[in-house]
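Below is one structure; the comments refer to it alone.
All values derive from a computational prediction rather than experimental measurement. Counting convention: from 1, in listed order, for ligands and their atoms alike.
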Amino acid sequence: MTNKITKIGVLTSGGDAPGMNAAIRAVVRACVHYNIKCVGIYEGYKGLIENNMVELDARSVANTINRGGTFLRSARCLEFIEPEGRKVAYDNLVKEGIDALVVIGGDGSFTGALKLNNEFNFPVVGIPGTIDNDINGTDYTIGYDTALNTVVDAIDKIRDTASSHNRLFLVEVMGRDAGDIAISAGIGGGAEEILIPEKDDFSIDRLMESLAHSRKTGKTSSIIIVAEGKKGMNILEMRDYVHKHRPEYDVRVSVLGHLQRGGAPSCTDRVLASKLGVGAVDALMEGLSNVMIGVSHRKAVTVDLNIALDKNRKLDRDLLRVADIVSL
Ligand code: F6P
C-alpha cells in the first residue's frame, strides 16, 4: 500500500495512562503536518461501534500536553471482542472515510487492532500507552515514568511515618502481569524487598528471613513492595502471616491503587508520547500497518504487533540483582 491515506482515526483504549493526551496531540499535529485529516474516536473501540467521533485539528488539542488521563476517554469494550462488534466498527470507519487507525493502549488494545486488520485488511498502528510497561519490543510505555514518580513519592511519604513508628509497611503497586513498576519504584524508594509476578520462586520464608536479617543489621522500619499480580498469598494474607509468626512487627498495608494512573505526565512521558505519536503517523504514511511504534535506545522503532504482544518478554534480571544488593 502506498501513500493513499487522507484521514486517520485515533483512539485510546484500556487503562488510561498519563501522556495519552500528549500522544493524541502528536498524532493530530502530525496529520496537520502531512495535510491530512484526523478524527478522534471517543471511549476506544466502544466509540468506533457507536460512531462517537470528532474531527480534530491543531487547535483542538491545545492545552492538552500537560493533562493526565485522556480527553478522548477510554473503555474496555466487550462488544469489540465479538466479530459482530468489529464488523459494526469497520462499517463506521468506512462510512466516516477513515483510512487508517492509531490505537493508543496496551496488549488488549493491540489484540483488537490486529483482529480488525486481519478481518478487514484495515491499516492499524499501535502506540504503547500503559503505566505497566508490559509491552514487548519497547524500552518504555507512555505513562510508566509518571507512574514511577507517583509511586516513589508515595513511598517517600510512607517511609516518613514507617520510620517514626518503627513499622513494617507492605505497599501494593499496580502491575497485573509485570513487575516493572514494583522493581523500579522499589529501588527508587529504597524498599527492603520487592515481590513481583514474574518471580514465582519468592516464598514467604524468604521474606521472613529478610525481615530477620534487617532486624539484625539494625533496621527499625521496613518497606516491602508487592506488585498486585504477585502469585501466592495476597497482601492481606501476608500481613496476617507476618503478624502471626513475628508478632514483634507492627505491620501496616497500603494499597496505592488508581492514584498511580493519574496526574500530569512527566516531561519524559510527554517527550516519549510526542515521539511515538509522530512516529505512528509517519509509519502509516509510509504504508506500514500492523506495527507498534516503540522506543529503543532513545529512537522510535517499528515493531510487529505480534512481537509487541509476546508474553515471553524478558524481565530485567540485572535490575533485580541491583535491588538485592542495595537493599542490604
Ligand atoms: O493499566 C493497567 C492497569 O493499571 C493494571 O496494572 C491494573 O491491574 C489494571 O490496570 C486495573 O485497571 P481497571 O481498574 O481499569 O480495571
Side-chain angles (χ1 to χ4, degrees), residues 11-24 42-47 67-81 103-113 126-155 170-186 188-189 194-199 225-236 253-266 269 272-273 276 292 294 308-311 313 315-316:
L11 59 82
T12 49
S13 159
D16 65 343
M20 280 183 161
N21 283 325
I24 300 165
Y42 287 112
E43 297 181 16
Y45 293 117
K46 184 166 175 266
R67 282 166 50 193
T70 158
F71 78 89
L72 287 178
R73 302 192 296 277
S74 190
R76 301 191 197 271
C77 176
L78 295 178
E79 292 101 302
F80 198 76
I81 296 173
V103 173
I104 307 168
D107 52 355
S109 314
F110 289 174
T111 303
I127 295 179
T130 161
I131 65 162
D132 288 353
N133 207 41
D134 60 347
I135 302 289
N136 193 44
T138 184
D139 291 345
Y140 300 109
T141 58
I142 296 167
Y144 174 59
D145 181 70
T146 307
L148 284 184
N149 289 321
T150 302
V151 173
V152 166
D153 184 51
I155 297 172
L170 304 176
V171 181
E172 186 181 281
V173 301
M174 275 190 170
R176 196 172 26 205
D177 307 308
D180 293 54
I181 294 180
I183 298 173
S184 289
I194 301 166
L195 280 50
I196 56 172
E198 297 91 333
K199 241 175 94 198
I225 302 296
V226 185
E228 65 174 336
K230 181 196 101 46
K231 319 261 177 332
M233 280 184 196
N234 68 36
I235 198 163
L236 297 177
V253 164
S254 189
V255 177
L256 299 187
H258 286 78
L259 69 83
Q260 295 165 90
R261 289 225 303 243
S266 65
D269 271 330
L272 177 65
L276 302 190
M292 168 186 82
L309 287 170
D310 187 350
K311 288 279 168 221
R313 181 175 159 266
L315 183 68
D316 189 345

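The side-chain hydrogen bond (donor to acceptor under 3.5 Å, both in side chains) pairs that include a residue from residues 170-180 are Asn133-Asp180, Asp180-Arg313, where partners are two or more places apart or lie in different chains.
Of the candidates Asp107, Thr130, Asp132, Asn133, Asp132 brings a heavy atom nearest to atom 5 (C) of ligand 1.
Only the side chain of Arg76 comes within 4.0 Å of ligand 1, counting heavy atoms alone; its backbone N, CA, C and O stay farther away.
Leu236 pairs by the side chain to side chain contact (heavy atoms under 4.5 Å, CB included) definition with Asn234, Arg239, Val253, not counting sequence neighbours.
Taking every non-hydrogen atom of Glu228 and a distance limit under 4.0 Å, the qualifying atoms of ligand 1 come out as 5 (C), 6 (O), 7 (C), 8 (O). Close approach of ligand 1 to Gly175 (heavy-atom distance below 4.0 Å) involves ligand atoms 6 (O).
In this structure, the protein non-hydrogen atom closest to atom 4 (O) of ligand 1 is Met174 SD, 3.0 Å. In terms of protein heavy-atom proximity, atom 1 (O) of ligand 1 is nearest to Arg261 NH1, 3.4 Å.
Residue His258 places a heavy atom under 4.0 Å from ligand 1.
Without hydrogens or angle criteria, Tyr140 side chain to Pro128 main chain gives no donor-acceptor distance under 3.5 Å. Checking side-chain atoms of Thr12 against main-chain N and O of Arg73 turns up a donor-acceptor pair under 3.5 Å.
Checked for salt-bridge contact, Lys311 and Asp107 meet the test: a charged N lies under 4.0 Å from a carboxylate O.
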Can you list the steps and then say if Asp16 with Thr70 is a side chain to side chain donor-acceptor pair (under 3.5 Å)?
CA-CA 7 Å; Asp16 65 343; Thr70 158; over 6 Å; no

